[in-house]
Amino acid sequence: MLKVFNTITNTKEDFIPLAEKKVRMYVCGVTVYDYCHIGHARSSGVFDVIRRYLLYKGYDVTFVKNYTDIDDKIIKRSAEAEIDWRELTAKFIAEHDADMDALNILHPDLTPKATDYIKQMIEMCQNLIEKGFAYESGGDVYYRVAEFKEYGKLSHRKLEDMMAGARIEVNDNKENPYDFVLWKASKPGEPSWESPWGSGRPGWHIECSVMSEDLLGLPFDIHGGGKDLVFPHHENEIAQSEAACGCMFSKYWIHNGFVNINQEKMSKSLGNFFTIRDVLKEFDAEIVRYFLMTTHYRSALDFSQDHLLEAEQSLNRIYTMLDEINRFQAGKKGLDVSEDAKKMFDAFKEKFDAAMDDDFNTPIALAAMFEVIRETNRLLSSKPNKIGFPVLQEAVKEVFEIINNVLGIIKYTPVQWFKANLSITEEELNKKIQARAEAKREKDFEKADSIRQELKEQGVELLDTVDGTIFRAVKIRNF
RNA sequence: GGCGACGUGGCCGAGUGGUUAGGCAGCGGCCUGCAAAGCCGUGUACCCGAGUUCGAUUCUCGGCGUCGCCUCCA
């Protein structure tokens, strides 16, 4: 039974979708005014794995992730750059998609944009005004938080408590400082749409309420995003949607933890963020993706170069095993490892499923994978025979199909992985390997070792095996 | 000020009321011309104090420390 931690109840709950075998999920996407950073990578990676695991479990998943393509920052940024806001958002939507593709994030089923839903947002405002949950004031429309009795139920706080320590800006248009804007009157020159309250544009939270309802219907199963969206974004979405429809909005609320830099939250306002593309210049996307999965999704993830290097080492270990099994030649003599291989697969599957069922515990899922790696290496060194080896090969293949499908890593072949960083041509390399073999034949070990050393400095490691010398190229980094 | 999370071996990072996490790095051995890789073996780990218990890293209370939300943010 899959269990998920639900923010709204603060407990791990059995996952029972509203409609059998069907999961409808909505994840808050990005406001498209800049390049995506590692925090976006984490959130996207986390929900990608959740989605993939639900698919693996046999659910029919509808996955929606939006683009917020109108807001203050977009207006500000386009004014600074002196380009049309539509051009700015189109650019960063494309850049976002490129980053997501690089990280092997499956494309959402639906990717609505806020500005395609202006009409429905206005309708929701009108609906809320009619029901007394919203009011017009000075051309703006505000949500009346005091009217929604359950306000605070997601972030587990009470309106009175918040008022006590309020350090929120005073706004004369508002009845209550925690009232938030649904519709904002526009200033001259700003992007705007006609509305019953004059020309204006939508507030921040309403687009998600409108788009999720339109595409998934209410209620739906999972609503997700980063922890920082719990308040106010998701709290406000609940207030809007549940007041408007008089029904539940989302059954499960899933939030991923932050990415930290030196124990401190990575954020735009602190300016301590790394963009995905900057990191990808130095590290293969698979290293980044693997790194994201080494920590449980709700914990803070400390981002650093050292951790990425460590992740790379771990991947090297995985690809080394895959390389060795590909290269292995089974003979007539040796051990029949059929039973061991089957046992290995069964043990993996059991541990992997249990880990992922327990609120998507990817670190344990990875541990299950490393147990397969150790066991396979062990079986390979016991020289499996022609009967058992194909069984072992099949077991490993199936393990890595699961890893690839659910975690979205190990998508290369070992040959691709170890060649990716080759700094010299293969032809050149093969010449040197031959020269070294020659020297070895003549017992000129000094020469052989100097060739090996020379290549090592160029990032190519040579390994002597029974079937000859093979190479592994590592990326040379000058930090 | 209000609310909340966390503190695990050299580093990262799961987890549990008594029995192996896993990765990276280290050490010893096997293998190797030497290496590398791999395998085997190896580390007085659970912030401090009190309590509950036959037994607590795991539960309760208190303390210390770190971090987060309450303002734009994945």
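Treat the numbers as computed from the prediction; the structure is a model and nothing was measured. So you know, we letter chains A, B, ... as the sequences are listed, proteins then strands, and number each from 1.
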Base-pairing assignment for B:G1 (Watson-Crick or G-U wobble, both under 3.5 Å): B:C70
Using purine N1 to pyrimidine N3 plus N6-O4 or O6-N4 for Watson-Crick, or N1-O2 and O6-N3 for G-U wobble, both under 3.5 Å, which nucleotide pairs with B:A21?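 Answer to the pairing question: none, since B:A21 forms no Watson-Crick or G-U pair.
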Would you mind classifying the nucleic acid contact of [X] as base, sugar-phosphate or nothing, using non-hydrogen atoms under 4.0 angstrom?
X: A:Q313; answer: sugar-phosphate
X: A:H37; answer: base
X: A:F47; answer: nothing

Do A:Y252 and A:F5 have their ring centres less than 6.0 Å from each other? no
Is the distance between the ring centroids of A:H96 and A:Y67 less than 6.0 Å? yes
Verify the contact: side-chain N or O of [X] to OP1 or OP2 of [N], cut-off strictly under 4.0 Å; return yes or no.
X: A:Y319; N: B:A37; answer: no
X: A:R317; N: B:G23; answer: yes
X: A:K265; N: B:C69; answer: yes
X: A:R374; N: B:C39; answer: no
X: A:N260; N: B:C67; answer: no
X: A:S299; N: B:A14; answer: yes

Centroid under 5.5 Å and tilt under 30°, A:F445 to B:G33: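 By the stated criterion, A:F445 and B:G33 stack.
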A:D48 bridged to A:K65 by N-O distance under 4.0 Å: no
List the steps, then state whether salt bridge (charged side-chain N to carboxylate O under 4.0 Å, His left out) holds for A:E454 with A:K432. CA-CA 10 Å; A:E454 184 198 334; A:K432 295 201 171 169; 2.7 Å; yes
